[in-house]
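Structure first, then comments.
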2 protein chains.
Amino acid sequence: MSLEATPAERRRLKVRGAIIEAAERVFATEGEAGLSIRRLAEEIDYSPSAIYKYFGSKEELIDELKEVFFERLLSRVGKISCADAPFSQRGRACVTTYIVTAMERPHHYAAAFSNAQGAPVQVQSEDWAAFAKTNKGRAFGVLVNMVREGQSLGVFDPELDPYLSAKSVWAASHGLAQLMTHMPNFPALLPTDEPVSASAFIAFHADLVFRGLQSPGEVRHPDFTPED
Amino acid sequence: MSLEATPAERRRLKVRGAIIEAAERVFATEGEAGLSIRRLAEEIDYSPSAIYKYFGSKEELIDELKEVFFERLLSRVGKISCADAPFSQRGRACVTTYIVTAMERPHHYAAAFSNAQGAPVQVQSEDWAAFAKTNKGRAFGVLVNMVREGQSLGVFDPELDPYLSAKSVWAASHGLAQLMTHMPNFPALLPTDEPVSASAFIAFHADLVFRGLQSPGEVRHPDFTPED
DNA sequence: TAATTTGGTGAACAGTGTTCACTTTCTGAA
DNA sequence: TTCAGAAAGTGAACACTGTTCACCAAATTA
């Protein structure tokens, strides 16, 4: 048995790739509702039971879709966090990038926080060591470092625990991401008629989140001006 | 036809009540996964098709469960908001109450933000007038008033738009509620061994949210001390 | 070439939500 | 009180679903 990719292995990867490609296509547009094994099989011209030679279950297949989605989310936020820009911009960009990426694939993001039956994902007994290795865990690590950097720069309140603060930032980002994937016109829900764009509101939210972390003397008014 | 409740009407309400009671029982513990029409029919000793004489569809039935849940959430947050307590306490309590109530019925809360297939609920073309009449909309109104009160007291930054601020607070609350219903040990996910209780972390989060709203001069360090 | 693993299939199982023709029960008016 | 009509309830069926399993053919290995 060689370490090279045998023709059989290459063929296998090809079929497997076709499956997740078709799954990605239908999942991105119709979500879990439109993704049935039989339909997937029809799209790739195989029998339904063939899929079970490549994936143990439908859930396993969808888990892979979520995984690649979170990898992109991680990579994007990671890139932002170490970009060449002032801290205040980078910090806010972490939050906005997270939310924008979630909104690009609402079904993926929603599914990542609920299993097939819409029930809460119970991640019982998961400890820190296990969590830190997951994509979610590494994205969280980026946030912790960002809080630490802000504290060392004197911008963020040094009294705040970086881990708890990062969790709070994550929760705040997650909340807006979820609300906006579920109600696309959420920012525009106003009694007045002046429109507020999605991106403008995301910026506003990111700003408020960061004001909460700033040192008592450092808090400034948001540079928020509704555009377009 | 009288306005009184005829015996037939009373009987009908009784059966209907038995259905939602059974549905509530199984939904609260097992969520949408365990709730099937056939099982429900078995529990109330009727045939499955009988249920369709009372509810147009399974979704309609579940919508009612969500509705009563949000009514309780609304009533709780509403009570807190006009309680006899200092503003800083009431304000934070709105956030913590929201999160704690969500955690009491994780399946209800999760379902309220995703349809049966786990796909995002698309509330397209919903305008403010319609939104303001829903339970979500009225709970949101409570938040807006709270922001306004904080501004008139000089505690919150008067430059902030009350509606956008209330949305941000809602998003932040929703985010933690969702994260905690999905990962019960979220607050305890720490590299260190010192435990942080759920309630302690919720308080910490609420505090950060409020720091973000405070006037530049008013920001104080959080009075957060990990208890128990 | 022979043996064995792998890839692929169709039929079936146990579920699901929902519909529909049908019967039974109850109700409101003549 | 009788009787038409509505309401309540039923069982069988439809069209799905994820999943399994015996079976078959093709590719790989010995």
Side-chain angles (χ1 to χ4, degrees), chain A residues 1-23 26-27 30-66 107 111 114-119, chain B residues 1-23 26-27 30-66 107 111 114-119:
Chain A
M1 167 181 155
S2 119
L3 284 179
E4 303 288 318
T6 71
E9 279 167 344
R10 260 183 288 129
R11 240 180 304 134
R12 180 160 236 276
L13 277 177
K14 207 167 172 180
V15 176
R16 200 189 140 94
I19 296 176
I20 63 164
E21 191 195 338
V26 53
F27 190 85
E30 306 181 40
E32 209 152 331
L35 188 76
S36 83
I37 298 290
R38 284 178 169 86
R39 169 170 178 187
L40 221 54
E42 197 175 336
E43 290 216 23
I44 63 169
D45 260 323
Y46 276 67
S47 88
S49 43
I51 299 190
Y52 286 87
K53 303 282 179 177
Y54 295 87
F55 298 93
S57 68
K58 182 186 178 181
E59 195 180 348
E60 209 173 274
L61 204 172
I62 292 181
D63 280 350
E64 196 151 312
L65 298 185
K66 298 185 205 169
H107 292 102
S114 67
N115 65 18
Q117 292 80 32
Chain B
M1 168 184 150
S2 120
L3 284 178
E4 304 288 317
T6 72
E9 278 166 344
R10 260 182 286 127
R11 241 180 304 136
R12 179 158 235 275
L13 278 176
K14 207 167 172 179
V15 176
R16 200 190 141 93
I19 297 176
I20 63 165
E21 191 195 338
V26 58
F27 191 85
E30 306 180 40
E32 209 154 329
L35 187 74
S36 83
I37 298 290
R38 284 179 170 85
R39 170 169 177 187
L40 220 54
E42 196 176 336
E43 291 217 23
I44 64 170
D45 258 323
Y46 276 68
S47 87
S49 43
I51 299 192
Y52 287 87
K53 302 281 179 180
Y54 294 87
F55 298 92
S57 67
K58 182 185 179 182
E59 194 180 347
E60 210 172 273
L61 205 173
I62 293 182
D63 280 351
E64 196 150 312
L65 298 185
K66 298 184 205 169
H107 292 103
S114 69
N115 65 19
Q117 292 80 33

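Order of the sequence lines sets the chain letters (A, B, ...), proteins ahead of strands, with each chain counted from 1. Only a predicted model underlies this, so the values are computations on that prediction, with no experimental measurement involved.
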Worksheet, complete the sentence: Of the listed D/dG9, D/dA8, C/dG17, the closest approach to the B/R12 side chain comes from D/dA8

Worksheet item: Taking the side chain of B/I37 as its heavy atoms from C-beta onward, which of D/dG18, C/dG17, C/dC26 lies nearest to it?
Response: C/dG17

Discussion item. Minimum heavy-atom separation for B/A111 and B/F27, please, with both atom names.
Written reply: CB-CZ, 3.7 Å

Discussion item. Looking at A/Y52, I'd like to know whether one of its side-chain N or O atoms comes within less than 4.0 Å of OP1 or OP2 on C/dG8.
Written reply: no

Worksheet item: If you take all heavy atoms of B/I37 and B/P48, which pair is closest and at what distance?
Response: CG2-O, 3.8 Å

Practice prompt. Measure distances between side-chain N and O atoms of B/R38 and base N and O atoms of C/dG15, and say whether any donor-acceptor pair falls under 3.5 Å.
Written response: no

Item to complete: Could you tell me whether A/L40 contacts a base, only the sugar-phosphate backbone, or nothing, with contacts defined as non-hydrogen atoms closer than 4.0 Å?
Response: nothing

Worksheet item: Heavy atoms under 4.0 Å, any strand shown: does A/L61 hit a base, just sugar-phosphate, or nothing?
Response: nothing

Practice prompt. Classify the side chain of B/S57 and the base of C/dG17 as holding, or not holding, a donor-acceptor pair under 3.5 Å.
Written response: no

Worksheet item: Which value, rounded to the nearest 0.5 Å, describes the distance between B/Y54 atom OH and B/R12 atom CZ?
Response: 5.5 Å

Item to complete: Would you indicate which nucleotide in C/dG8, C/dC20, D/dG9 comes nearest to any side-chain atom of B/S49?
Response: C/dC20

Item to complete: Show the numbers, then the answer: is there a salt bridge (Lys or Arg N to Asp or Glu O under 4.0 Å) between B/E42 and B/R38?
Response: CA-CA 6 Å; B/E42 196 176 336; B/R38 284 179 170 85; over 6 Å; no

Worksheet item: What is the nucleic acid contact for B/Y54, judged by heavy atoms within less than 4.0 Å: base, sugar-phosphate only, or nothing?
Response: sugar-phosphate

Discussion item. Should the side chain of B/S36 and the base of C/dG15 be counted as holding a donor-acceptor pair, with the cut-off at 3.5 Å?
Written reply: no

Discussion item. Quick check: any donor-acceptor pair below 3.5 Å linking the side-chain of B/K58 to the base of C/dG17?
Written reply: no

